[in-house]
Amino acid sequence: MSTAPVVVAGASMAGLRTAEQLRAAGWTGPITLVGDEPHAPYNRPPLSKEVLAGKAGFDSLAFRPRAAVADVEWRLGTSVVRADLARQAVELSDGGSLSYAALVAATGMRPRRLRCPGPTAGRHTVRTLDDAQALREALTAPGVRVVVVGAGFIGCEVAATAVALGAAEVTVVDPLPLPMAGPLGELLGGALKRRHEQRGVRFALGCGVTGFEGEDRVTGVALADGRVLPADVVVESVGSIANTEWLDGNGLDLADGVLTDEHLRVGGRPEVVAVGDVARFPNARYDGVPRRVEHWSIPTDTAKHAARVLVAHLTGARHGLDPFAPLPTFWSDQHDFRLQSFGAPALGREDVRVLDGDPDGDVLVGYHHRDRLIGVVALGGQQAAAAAARYRAELLRQPAPTA
């Protein structure tokens, strides 16, 4: 067995789960996790909800590592800045370097920022604990006017939290005609818009941002249609950028995350894998087109599969695994309702059917491709979420599509 470690670049949830799964798969050699944040791995979904609302602190978010990874080396507050895959070595931001027996790309994403003229003070993103804590302080100012740019998961959750905190005005801006139209389509997008409006959120949809008003800090958001929205706080929730620059120069496809094969291996190298939302992998459950998936379930799913693949390679064994075929899962809590999804609804937006309930109440919606159910989404209370969960087994049983 090699004395060089398995180096995990990225010490968030995906990195932690990979270390745990390496031990579960039988790897007893050294493991080193390298992460740019000073914090130990923690749960990110509460950042835009419980942390902003002041209901959760770091102690409640931090993952409790399993005993099996007590001997793992942690390099927190630093990052991998360059990898040389031919030499099997990485360089670190603190000037150090590490040779590896295997490498795990788990560097995740960072928020995309708007490239618009105007001041930067008063503009926020939500990706890290420090981001959420800074935004909470801004949102709790008396009479604050909030503009959220982006009507996706994070944008809608932040808008809901800002209303609950008593913000004077909360407006969501998006170039699409409905919130969360990309992953959910028109039917649920319209239902979401109505629910948010009933609770005090305003929308400026079908319109982009052209700039920010103000001298030292933001006082307004200029829109493409000529309007200027007053703003004391701006939250930019306009997508993510994959942290892949450290892999440049190795001949990899890094166009949108790290391209992998059907077993999460990178660039044809059996000793390099990618996990979490930086991995762009083909999913044999659907059409086999490589995609990144930014859902909470993916770090654990990718970690389990990739760890078994790596350990088989490191020990000279056969992994005997079928191609990676996870069932993506997500949920989103907004105001007093929840979105709960299983499968890939975005791939079935052309054929959306109400399975139960009503869009203005508790509703369960099915997404189909070629008359095959490939995703379900519930909107409403706990009963709706439970109804979606009952379809999980059916989605898992669905055979892979034929060519």
Side-chain angles (χ1 to χ4, degrees), residues 1-11 14-34 68-69 72-73 80 82-92 97-108 242-285 288-293 298-326 400:
M1 180 180 294
S2 173
T3 58
V6 174
V7 171
V8 182
L16 172 63
R17 296 292 182 246
T18 302
E20 294 172 342
Q21 290 297 326
L22 283 167
R23 291 290 187 242
W27 175 249
T28 59
I31 302 172
T32 300
L33 280 92
V34 183
V69 295
V72 165
E73 179 186 10
V80 176
R82 183 175 179 273
D84 187 330
L85 301 190
R87 291 180 50 241
Q88 293 191 203
V90 295
E91 298 175 8
L92 308 182
S97 63
L98 293 169
S99 296
Y100 61 79
L103 177 65
V104 180
T107 41
N243 294 318
T244 60
E245 292 84 357
W246 61 282
L247 285 165
D248 286 345
N250 288 286
L252 303 178
D253 184 339
L254 306 175
D256 178 23
V258 182
L259 178 66
T260 78
D261 67 8
E262 71 277 11
H263 290 299
L264 301 173
R265 295 170 298 205
V266 176
R269 294 181 173 273
E271 78 282 2
V272 184
V273 296
V275 299
D277 48 14
V278 77
R280 177 161 53 99
F281 58 87
N283 190 333
R285 185 175 300 281
V289 175
R291 297 181 180 90
R292 289 190 310 98
V293 182
I298 291 300
T300 299
D301 291 340
T302 52
K304 185 174 183 179
H305 192 97
R308 293 173 66 182
V309 169
L310 274 189
V311 171
H313 165 69
L314 292 168
T315 60
R318 291 179 59 85
H319 59 69
L321 296 173
D322 291 332
F324 186 52

Check: [Y] and [X] side chains under 4.5 Å, non-hydrogen atoms:
X	Y	value
I31	R23	yes
L310	W27	no
L264	V309	no
R269	V266	no
L314	V6	yes
V104	V275	yes
T32	V8	no
L321	H305	yes

Can you name the ring pair (Phe, Tyr, Trp, His ring centres under 6.0 Å) partners of H313, sequence neighbours left out? none
Spell out, as yes or no, whether a donor-acceptor pair under 3.5 Å connects the side chain of [X] to the backbone of [Y].
X	Y	result
N250	L252	no
T260	A274	no
D277	R292	no
Q88	S99	no
D301	P326	no
R280	D256	yes
T302	G276	yes

Are more than 12 heavy atoms, taken from residues, nucleotides or ligands other than R265, located less than 6.0 Å from that residue's CZ atom? yes
Not counting sequence neighbours, which residues clear salt bridge (charged side-chain N to carboxylate O under 4.0 Å, His left out) with R87? List them please. D84
E20 meets the side chain to side chain contact (heavy atoms under 4.5 Å, CB included) criterion, sequence neighbours left out, with L16, R17, R66, V69
